[in-house]
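This report refers to the structure that appears directly beneath it.
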Amino acid sequence: MKPVIDILEEKICAAMAADTGRQDCAAIVRPATDAKFGDYQANGVMALAKQLKTNPRKLAEQVVGKLDISDICEPPEIAGPGFINLRLKPEFLAERLLEVNKDSAGLGMEKTSKPKNIVVDFSSPNIAKQMHVGHLRSTIIGDCICRILEFLGHNVIRQNHIGDWGLQFGMLCALYEKKTEEETKKEKGAVDYKVLADFEEFYREAQELSNKDEKFKERSRKAVVGLHRGDEMWRAYWEIIVRNSKRHYEIIYAQLSVTLHDDDIRGESFYQDKLPGVVGELKKKNLAIESDGAVCVFPEGFNNKEGKPLPFIIQKSDGAYLYATTDLAAIRYRVNELKADAIIYVTDSRQKLHFEMLFAVARMAKWDKRQNTEYRIQETGEKPQKVEFVHVMFGSVLGDDGQPLKTRSGENVKLKDLLDEAVERAKKVVEQKNPELSPDKKEQIAKAVGIGAVKYADFSNNRTSDYVFSFDKMLAMDGNTAPYMQYAYARIKSIERKAQSKDVDIETELAGVTELNLAEPAELDLAKYLIRYGEAIQAAAGDYRPNYLTAYLYELAQKFSVFYTNCPVLKAAPGQRPTRLLLCDLTARTIRHGLSELLGIEVVEQM
RNA sequence: GCGCCCGUAGCUCAGUUGGAUAGAGCAACGGAUUUCUAAUCCGUAGGUCGUAGGUUCGAAUCCUACCGGGCGUGCCA
C-alpha cells in the first residue's frame, strides 16, 4: 500500500498540473502542524503561486476545484495564505487500518517497484584490535540502513571492509612465529587461538618488541615482504591471526544483533593485487601524475591552504599504496563484480573530504559505470546508468567532558566492556522492579534492555551530530528510550495474557472484525498514527536517518499510552472491544517490527 | 589562513525541497494509583532559534558579515 501522504501528494500534484499546465509541480504534503488544521496539509500551492506570480489563495481554490479525493478526505479547506488542509474520512481510516492489519508481514508497506543492488560498507573493524566505541555507530547505523533497505525490497550487499592488511601485520606475524617456536620448544606444538585470546596484549607485546629488539624488527620487515610476495609461511600466520581475531567481533555482532557475517567480509587484503592496476589505469588516463614523488590525482574544486589543487594521493613516494587506493579498487570491484547501483559508506564525518575526493576521482575515471557496457548501451540506446555514491556520515560519541569517549586512563572504551556494563545496569533495574521473575527471564530482559538502550540512544540522535554518552539517560524509563519502548510493548502483551484469565478469546474476536468502531479521541489518534508507519520508514530510508524511525515509534508508544489510560480494553463493551483489541495488536506488531526487524533491538514479553 | 559541519528552553536534543502560535525528554512545580504492569498518564512554567543585516506574503531553515565551538586540510586510516 502506498502511504496516504504519497497518494495525496500525487493527486494534488496532478490537480496543480491540470490547472496550471506545469509538469514540475510539488504539492508538498506534510502532516498537519496542528490537529485543528486536520490530518495533513499541502504547502506547495503557495510556492507555485509565487513562481506564477498569482494569488496563492485563488490558485488553491482552483486546484481544490480540480481535485477529487472524496474517497480519502473530507472536503479540503483552504486556510491562511494558501494552505490546503486535509482531514481523513473516518471510513477511509477504518478501511485502511483493516488493510494494514491484514498485511501481517509488511504492515501495509509497499515494496519498491525499482529494486536496486545497494552495497553498504560499514563497521570495518581492525584485525588484531578489539572493537571500541569508535566502531559502534558505523556498525549499528549501517546495520539499520541495511535492514530498512531490505525491507523496502532492495537487494542489499553488505561489505565489511576490515583492516586486515598493513605494516603492523609484519610484527604480528613475526611475534606469532616467535611464540610458535617457543611453544614447540616446550613440546606443545603450534600456538592455539587461546594465546591470541587477548589481542590487546598480543598487539602490545609486538609493539614493545618492535621498539627495543632490533632482531625482531628485522624479522618484522621480512614478514612484510613475505606477506606481499605471498610466502606460504607468512601467509599462514597471517590467516591464523585474522581468523582468530574475527572471532572477537563476531561475538560483538551477535551481542548487538548486527546482520554481518563471514561472507560479508571483504577486507583490505582482498584488494591488494588490484592496486597496481588502479594506479596504472589512472596514469594511463592521464588523471594521475607524479607530484613530490607521490602519485596523485587532482580532482577539480578541491584546494589546499595555499589555494592550490589538493592531491588525492594514491601511491606514496616509497611506492606503498594507501587507503585511497584500496577504496578506489573497492569501487571498481563493487561496480563491476557486485553490480552495484549504489554504494553507501557509513563512516564518521571526519572522513567527509576523503569520500568527496574519492567519489570525484572515481567519476573522473568513469568508474561509476560498469565496464564493457558501453557498446550495449550504444546498441540499445539506453542511457548509461551511473552508480550513486553516498557517504552516510555521523558524529562522535562523547564523554561527560564533551571530548570523545575514553576510559579514565585515556584509552578507547572497548565495545565489549561498554555493552557488558549496559546489561549489568539494566539487570539491577529489573531486579529492583520485578524481583519475582525467574533468573532466566531477568537475564534475558537485562540483555534486551541494556543492549537495546545503547543502540536506541544512538539511533534516536541525529546521526550527523555528536552526542554525549550516558547510561543513566539511555536506561531511563521516561522519555525516548529503549526501556520506554519495550515497556509499551510489554504492557500490550500483558493485556493479551490477562485476556485468557478473563475468558476473552482474542484470536476469535480479532478474526471476526470486519468493521471498526473508532469513537474515542485517543482511539482515533492512535489509529491515524498507526497507518503512518510507512511514511516514517520512507523518511528514514530517504535520508538514511534512523532517528526518523525512532521518533515515530516513540510517538506511537506515547499515543498508545494515552489510549491505554483512557480506554479499557478487556472491560470494554462488546461493541468496542474488538476495535480496541485490534488497536492493541497492531500497535504491538508495529513496535515489534520497528524495534526488532528494523533497528535490531529485541522486545520482551514481560519487564 | 582555507574548507566543511554546528550554535534552538537551565540540561540533552527534534524540527523532512522556506509554511500557520518553534516541539520533545530530563530537571522544577502541581495532580492522578480499589490497575489491563505507575518502568505510566494529565497539567503548569520555561525561547529576542549565537549576533546584525538581507531575500519575501512568510525564515530556526536561503544569502552576506561578524562572534563562539567542532572537524578536516600532501605521503595514517
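Sequence lines set the chain letters: A, B, ... in the order given, protein chains first and strands last, and positions in each chain run from 1.
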Compare the aromatic ring of A/Phe83 with the six-membered base ring of B/A20 and state whether they stack according to the 5.5 Å and 30° rule. yes
Mind checking the C1' distance from B/A22 to B/A28? Whole angstroms is fine. 22 Å
Looking only at atom P, what distance separates B/C36 and B/G15, rounded to whole Å? 39 Å
What does A/Lys473 touch in the nucleic acid at a heavy-atom separation under 4.0 angstrom: a base, only the sugar-phosphate, or nothing? sugar-phosphate
Expressed as a whole number of Å, how far does the C1' atom of B/C71 sit from that of B/A52? 27 Å
For A/Phe37 and B/A20, are the ring centres under 5.5 Å apart with planes inclined under 30°? yes
May I ask you to check whether A/Tyr529 and A/Phe560 place their ring centers less than 6.0 Å from one another? no
Just wondering, do A/Tyr564 and B/C36 stack (centres under 5.5 Å, planes under 30°)? yes
Which part of the nucleic acid, if any, lies within contact of A/Asn547, taking any heavy atom under 4.0 Å across all strands shown: a base, the sugar-phosphate backbone alone, or nothing? sugar-phosphate
Can you tell me how far P in B/G18 sits from the matching atom in B/U56, rounded to whole Å? 16 Å
Considering only the P atoms, how many Å lie between B/C62 and B/G19, rounded to the nearest integer? 11 Å
Tell me whether the centres of the aromatic rings in A/Tyr345 and A/His161 are closer together than 6.0 Å. no
Centre of A/Phe270's six-membered ring, under 6.0 Å away, within 45 degrees of the axis: is that where NZ or CZ of A/Lys274 sits? yes
Do A/Ile451 and A/Lys455 come close enough that some side-chain heavy atom pair is under 4.5 Å? yes
Quick one: the side chain of A/Lys50 and the base of B/G58, do they pair up donor-acceptor inside 3.5 Å? yes
